[in-house]
Trainee: 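Before I ask anything, let me first share the structure, which is written out below as structure tokens.
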Amino acid sequence: MEYKFRDIEKKWQQQWINTNAYKVSNVSDKPKFYVLDMFPYPSGAGLHVGHPLGYIASDIYSRFKRLKGFNVLHPMGYDAFGLPAEQYAIEHGVHPAVSTDQNINNFRRQLDNIGFCYDWDREVRTCDPGYYKWTQWIFLQLFNSFYNRKTNKAEKIDVLIASFEAEGNATHPIPNSQFPITAFTATEWKAFDEKTQQDILMQYRLAYCGYGEVNWCEALGTVLANDEVVNGVSERGGHPVVKKKLRQWYLRITEYADRLLEGLERIEFSESMKEMQTNWIGKSSGAEITFEIKRPPLTPPEGGDWQAAEQNRDNPTEEENRLWQRLRANQTGHHIRRQHIIDQYIVDFISIDKKVTIEVDGGYHNDAEQKQYDEVRTAFLKELGYEELRFTNEEVRNNIDAVVEAITQKLNSKPSVGQVSPSGEDLEGATLTVYTTRPDTIFGVDFMVIAPELDLVDQIKSAEQTTAVDEYIAYVKSRSERERQAEKKISGVFTGAYAVNPFDGREIPIWISEYVLAGYGTGAIMAVPCGDDRDFKFAQHFNIPITNIIGKHFNGEEANATKDAVLENSGFLNGTPMREAAEIVINKLEELGIGTRKVNFRMRDAAFSRQRYWGEPFPIQWKGGTAYPLSETELPLLLPEVDSYSPGPEGEGPLANIPEWVAKELETNTMPGYAGSSWYFLRYMDPKNEHAFCDRTVSDYWNQVDLYIGGTEHAVGHLLYSRMWTKTLYDLGHIGHDEPFKKLVNQGMIQGASRFVYRINGTNTFVSKDLLKSEEEYEGKKLDKLHVDVNFVDGYELDVEAFKKWRNNEHANAEFILENDKYICGSEVEKMSKSKFNTVNPDDLVNKYGADTFRMYEMFLGPVEISKPWDTKGIEGVHRFLKKLWRLFYDEVKGQVWNNDKATDAELKVLHKTIKKIEDDTERFSFNTGVSTFMIAVNELSDLKCHKKEILEPLLVLLAPYAPHIAEELYRRLQVSPSGGDLEGAFSILDANFPKFEAKYVTESTKDYPVAINGKTRTELTLDLSITQQEVEAIVLANETVQKWLEGKQPKKIIYVKNKMINVVI
RNA sequence: GCCCGGGUGGCGGAAUUGGUAGACGCAGCAGACUCAAAAUCUGCCGUUCGCAAGGAUGUGAAGGUUCGAGUCCUUUCCCGGGCACCA
């Protein structure tokens, strides 16, 4: 009777469905255990052998816990919204819902092959309205909440409004210090119009709207991710990419920064994972310091009475003021500032982002001299790319609405040219604010570096440096943030302006360089070259003199970031240890009102919208530029059908092309991929609930995910967002725990083992690998190295006939130069991907060897958390093991060989050794050594010719989590045979009890000790475990081998470590 | 560039707490069974010197700590993941 895995696996999979074997109840006396796999995106390429790695690990663990008496929740579902489906729709015209559905079906079919114990009644799909209704609902919770810094948790926005009505915002200052309105009283709050009130509330909401830059590719008509932009052009097609500012939703995750850090102490993530999250959050403390800027002198234009013109402009008119009140604070949806210097001119108003200037002409513009001046000026500005709008005082006085409307329309119609930092009104008497973690080094500041995209640059650049600065900015605009950070080449330009050190009045040159990013801190740093490596290299490169404030700690060769120095060249700080100086400086700064103590986070608020179709619509309606939430009863807001997946007229999402949608003033952005995946683990608990995202009693029962398995690629994305959502839901009282995942196990990637063939360039002749001296040429002729499908390479040997037929007989006429009648391929380890022809489909392997073999082999490959290349060859060994196991029960010739004989001590020792090791290994996720242990056990039992039920039955229970089908078959056979009976009626192994380890069967009284001389093992001695040091010494010294090495000398020392080893030191 | 991993035979890996490096499996070699093949079974299998006994050497590289280092420390090289619109 042979091992017919196909029949066995099919039979039990069906039987398990029939008996609802994997159904999980929310009510149980057993302790609960929640095992979760990271939410898969159902890609069109289907599963390759890398995908199920984590699923098999979690499946084994779930089954193990069930055997241990737990009520185990182990669900699966699909993160079904996402870009690939939309991209596929654009390319093939198939609706994303349709292709996603197909992909899911295929995904499911492939998963079912492998025999997982998922409770499929709990499946969820993020694109299902029954699911995204609750994603929208949670979004509304975020929108209708603010972070109360006093109670340190999220609270209803109503609480904030009540507080405003009672006492203004004294208790809850606006989080955004750049917002035009800073403080208001209760009376003022009540006097604000609705729009102003809503604008203010938006500054507090946990989900809020703002403006952010995106990579805009006009040719592709889409926004691109950073990694889709290479060298300033799109990866697909190489089209130019520009920065575009669009309205975006954000989540105020920064408010949770401290709690996200604190929570790490209460969860079992690997240290490296915690470190990554900690670094991402990037908490630092230091000071924000404001430096005055010494302005570059204005130089007069050619001809004209520029002085008079300047003077006129220095005193804003009544009309200018009135217009300003309508333009300030983004009321037009655009950031506008007034009295802005461009080169040697000052314009009344400007949108730097759109390169539009606005002039309000008073009477004095009628005199001839002024006219000439204006013409020169207009021409000059035009040259720089500015478009000028002019209005008369009368227009502003009599019909200001029309003026504002005209300005808004003009601004809407123009493309965005770059980032504008929302840095308040105008910057007259300009200052530069930097954030530093080392205020103690204030006297060592030799230059400043500011992000090139800051508006301030335009304002402070000198006439001489204008060209260089503008050229550099143009260069930086073409660079992605990633490229800027990764650039090794030092680059930058002096702005021509100087900041003034407040303590010694030293003038510090201000530079711009791409390595400073606008989004981090204030977008400006004070550079201390003697103490910071990058600053040092920058100073060296541009020959900026370096001030040494740390004496002998700085050798002039490289920077030294020490905090142990005593300060020199540091004015009033001379002689002060650095560690004390920071405090002194901060106090002094605060005293002078030019700086504040500041805790800074590297983490930014999370961008929460996409200009895409295939995502959750926001339950938001815009009325007169103000966002209003839909009511809960209007959920779900269904994703409508669209004719085209191209973006809206201003780069908005495709929803902007639907007239009815736009007419209802509904939000045209959709939510990003991580919306649905930030809370799915809660929905699995109560997947069909129509009245709540998850019933509170149910979430209280299942509580945290006890074990979460997934890749490190989610370290700082999904794993932070879902932690934040959980905390918000907890704060608002919807769930009872504030950390979603108790324990995280990371799974490594399975890489592809690519195979290559070598074709002589320009011919159809392929040369076998080992005949080549190099991969580039063969007998003086150049070679083409081509990927070949690994599925027709056996190890390294190419199946030549299969290769000829590959891809429609593409190589039908190929000729081969063979070695020993074989074609040997080259190899490389690469990412597993269709384009590299190195994917291996689990379906094929399951078909050939069975699910149990496949499961065990995936585990056998190596530790689950380590990346390793796939090698199909090795699967044979695992398959042989299962066949060998089968032969302990049934023989091909003799039939049943298992019996009810009493087990011997040796057999019991094998069993209990195995129980202990499997229990330990499974518990610590060392599944590869677990598989080895089974192999050793079966080898040993085969050697002992042990066919005893007493030994084999518990062994099957141990094996059941790893190879459930064969274990179930044999386990039930042990129950009904030899008397015969109904296998299906027998008791299932799924609910067996995990065998109990008993130490008495494995205790040893002796140990084979390695005996080392000076640390090198020379011989072995079998000694009683109870032996003493003295006895050991006597026996060791009497040993022949030891005596030989001693050469008559006395040993200095004999080290004896019980149960470990003996070392004789000579 | 920054942050986090990883590097052990021909290959995947083992060595759980600083204590016999290479368990288990693949590939390879030799043999048994067989008309033959498959399947199965037995033996060998890091490198090197040696007939052997036995020795030397060996965990990416270079140093160090220790009676003893794959494991701890310092420096360094290579590979993989992440860096905020892939999921």
Side-chain angles (χ1 to χ4, degrees), chain A residues 2 38-41 43 79 81-84 87 212 214-215 222-228 248 270-273 275-276 278-280 282 481-488 515 519 534 603-607 609-612 672-674 677 711-718 720 746 748-749 751 753 795-796 827 829 831 857 860-863 865-878 880-881 883-884 887 892 920-921 924 926 928-929 931-936 939 942 1008-1012 1014-1020 1052-1055 1057 1059-1066:
Chain A
E2 56 179 324
M38 278 188 190
F39 217 18
Y41 176 80
S43 95
D79 188 10
F81 277 131
L83 260 187
Q87 193 59 38
V214 295
N215 300 311
T222 53
V223 175
L224 298 175
N226 272 333
D227 53 303
E228 293 176 297
Q248 306 278 358
S270 67
E271 285 310 309
S272 62
M273 183 66 61
E275 218 169 310
M276 273 192 264
T278 303
N279 291 340
W280 178 266
E481 259 189 34
R482 185 88 51 83
E483 288 170 326
R484 285 171 58 176
Q485 285 171 288
E487 184 58 62
K488 276 188 207 166
Y515 77 83
R534 205 162 41 172
M603 181 169 67
R604 317 200 278 257
D605 277 343
S609 47
R610 305 288 182 258
Q611 289 67 51
R612 301 283 185 179
Y674 68 84
S677 62
T712 51
E713 67 271 24
H714 299 288
V716 288
H718 163 63
L720 273 178
N746 289 121
M749 291 210 323
Q751 296 148 324
Y796 296 95
S827 67
V829 172
K831 199 176 164 135
Y857 184 56
F860 187 61
L861 269 183
E865 62 270 48
I866 303 288
S867 294
K868 58 250 160 189
W870 178 263
D871 172 25
T872 299
K873 271 255 146 181
I875 199 170
E876 295 274 358
V878 173
R880 272 174 213 152
F881 151 73
K883 286 199 283 189
K884 193 165 179 177
R887 284 198 301 274
E892 252 178 78
D920 286 356
D921 285 356
R924 66 188 176 93
S926 180
N928 57 327
T929 54
V931 176
S932 297
T933 303
F934 285 121
M935 290 176 169
I936 292 167
N939 288 346
S942 297
D1008 295 337
Y1009 283 93
V1011 180
N1014 283 341
K1016 284 194 163 56
T1017 308
R1018 297 300 177 184
T1019 186
E1020 215 170 69
K1052 283 194 191 123
K1053 199 170 12 168
I1054 294 177
I1055 293 157
V1057 183
N1059 218 359
K1060 292 283 185 203
M1061 45 64 70
I1062 296 161
N1063 189 16
V1064 181
V1065 184
I1066 300 174

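Keep in mind that the numbers below use all heavy atoms, side chains included, and drop hydrogens, waters and symmetry copies. Since the model is a prediction, treat every value here as computed from it, not as a measurement. Below, chains carry the letters A, B, ... as their sequence lines are ordered, and counting in each starts from 1.
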Trainee: Expressed in whole Å, how much space separates the C1' atoms belonging to A39(B) and U20(B)?
Mentor: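 Taking atom C1' in both A39(B) and U20(B), they lie 37 Å apart.
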Trainee: Any base atoms under 4.0 Å from Arg887(A), or only sugar-phosphate, or nothing? Heavy atoms, all strands.
Mentor: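 Answer is sugar-phosphate: Arg887(A) comes under 4.0 Å of backbone atoms only.
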Trainee: I'd like the P distance from C33(B) over to U42(B), given in whole Å.
Mentor: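 15 Å, rounded to whole Å.
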Trainee: Any donor-acceptor pair under 3.5 Å joining the side chain of Asn1063(A) to the base of C67(B)?
Mentor: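 Side chain to base: pair found, below 3.5 Å.
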Trainee: Would you measure the distance from the P atom in U65(B) across to the matching atom in U8(B) and give it in whole Å?
Mentor: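 About 27 Å, rounded to a whole number of Å.
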Trainee: Which of these nucleotides, A15(B), G6(B), C67(B), is closest to any side-chain atom of Arg924(A)?
Mentor: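 Among the listed nucleotides, the one closest to the side chain of Arg924(A) is A15(B).
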Trainee: Which residues satisfy the side chain to side chain contact (heavy atoms under 4.5 Å, CB included) test with Arg484(A), sequence neighbours excluded?
Mentor: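 With neighbours one apart ignored, the set is Pro452(A), Glu453(A), Val476(A), Arg479(A), Glu514(A), Leu517(A).
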Trainee: Restricting to side chain to side chain contact (heavy atoms under 4.5 Å, CB included), what partner residues turn up for Pro84(A), sequence neighbours left out?
Mentor: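 Tyr41(A).
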Trainee: Pick the P atom in G7(B) and in C72(B), then give their distance to the nearest Å.
Mentor: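 Rounded to whole Å, the distance is 11 Å.
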Trainee: Applying a 3.5 Å limit to both distances, which nucleotide forms a Watson-Crick or G-U wobble pair with G58(B)?
Mentor: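 Result: none.
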Trainee: Taking side chain to side chain contact (heavy atoms under 4.5 Å, CB included) as the definition, give me every residue that meets it alongside Leu224(A), ordered by chain and number, with sequence neighbours left out.
Mentor: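 Side chain to side chain contact (heavy atoms under 4.5 Å, CB included) check on Leu224(A) returns Asn215(A), Cys217(A), Leu220(A), Thr222(A), Glu228(A), Val229(A), Ser234(A), Val241(A).
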Trainee: Summarise how protein sits on nucleotides 21-36 of chain B as a single string, 5' to 3': B when a protein heavy atom is under 4.0 Å from the base, S for sugar-phosphate-only contact, - for no contact.
Mentor: S-BBSSS---------
Trainee: Name the pairing partner of A30(B), where a pair is Watson-Crick or G-U wobble with both distances under 3.5 Å, or state none.
Mentor: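 For A30(B), the partner nucleotide comes out as U42(B), under the 3.5 Å rule.
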Trainee: If you assign Val1065(A) and Gly862(A) each to the RNA chain B nucleotide with the nearest heavy atom, which residue ends up on the more 5' nucleotide?
Mentor: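 Nearest nucleotide further toward 5': that of Gly862(A).
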Trainee: Treat primed atoms plus P, OP1 and OP2 as sugar-phosphate and everything else as base, then score nucleotides 82-87 of chain B 5' to 3': B for base contact with protein heavy atoms under 4.0 Å, S for sugar-phosphate contact only, - for none.
Mentor: SBBBSB
Trainee: Using atom C1' in both nucleotides, what's the gap between C85(B) and G70(B) to the nearest angstrom?
Mentor: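 Straight-line distance between the two C1' atoms is 43 Å.
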Trainee: Applying a 3.5 Å limit to both distances, which nucleotide forms a Watson-Crick or G-U wobble pair with G70(B)?
Mentor: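 The answer is none; no pair meets the criterion.
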Trainee: Going by purine N1 to pyrimidine N3 plus the second Watson-Crick contact, or the G-U wobble pair, all under 3.5 Å, which nucleotide sits opposite A37(B)?
Mentor: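 The answer is none; no pair meets the criterion.
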Trainee: When you check the side-chain N and O atoms of Lys1053(A) and Asn1063(A), is any donor under 3.5 Å from an acceptor?
Mentor: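 Checked: Lys1053(A)/Asn1063(A) side chains show no N/O donor-acceptor pair below 3.5 Å.
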Trainee: Angle between ring planes, Tyr857(A) versus Trp870(A), binned at 30° and 60°: parallel, tilted or perpendicular?
Mentor: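 Plane angle over 60°, so perpendicular.
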Trainee: Could you tell me which residues satisfy side chain to side chain contact (heavy atoms under 4.5 Å, CB included) with Glu713(A), sequence neighbours excluded, listed by chain and number?
Mentor: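 Applying side chain to side chain contact (heavy atoms under 4.5 Å, CB included) to Glu713(A) gives none.
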Trainee: With C1' as the reference atom in both, quote the distance from A38(B) to C44(B) in angstrom, rounded to an integer.
Mentor: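 Comparing C1' positions in A38(B) and C44(B) gives a spacing of 24 Å.
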Trainee: May I ask you to test the Ile1062(A)-Ile1055(A) pair for a side-chain heavy-atom distance under 4.5 Å?
Mentor: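 No, side chains not in contact.
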Trainee: Counting only heavy atoms from other residues, nucleotides and ligands, does the tally under 6.0 Å from NZ of Lys868(A) exceed 12?
Mentor: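 Result for NZ/Lys868(A): enclosed.
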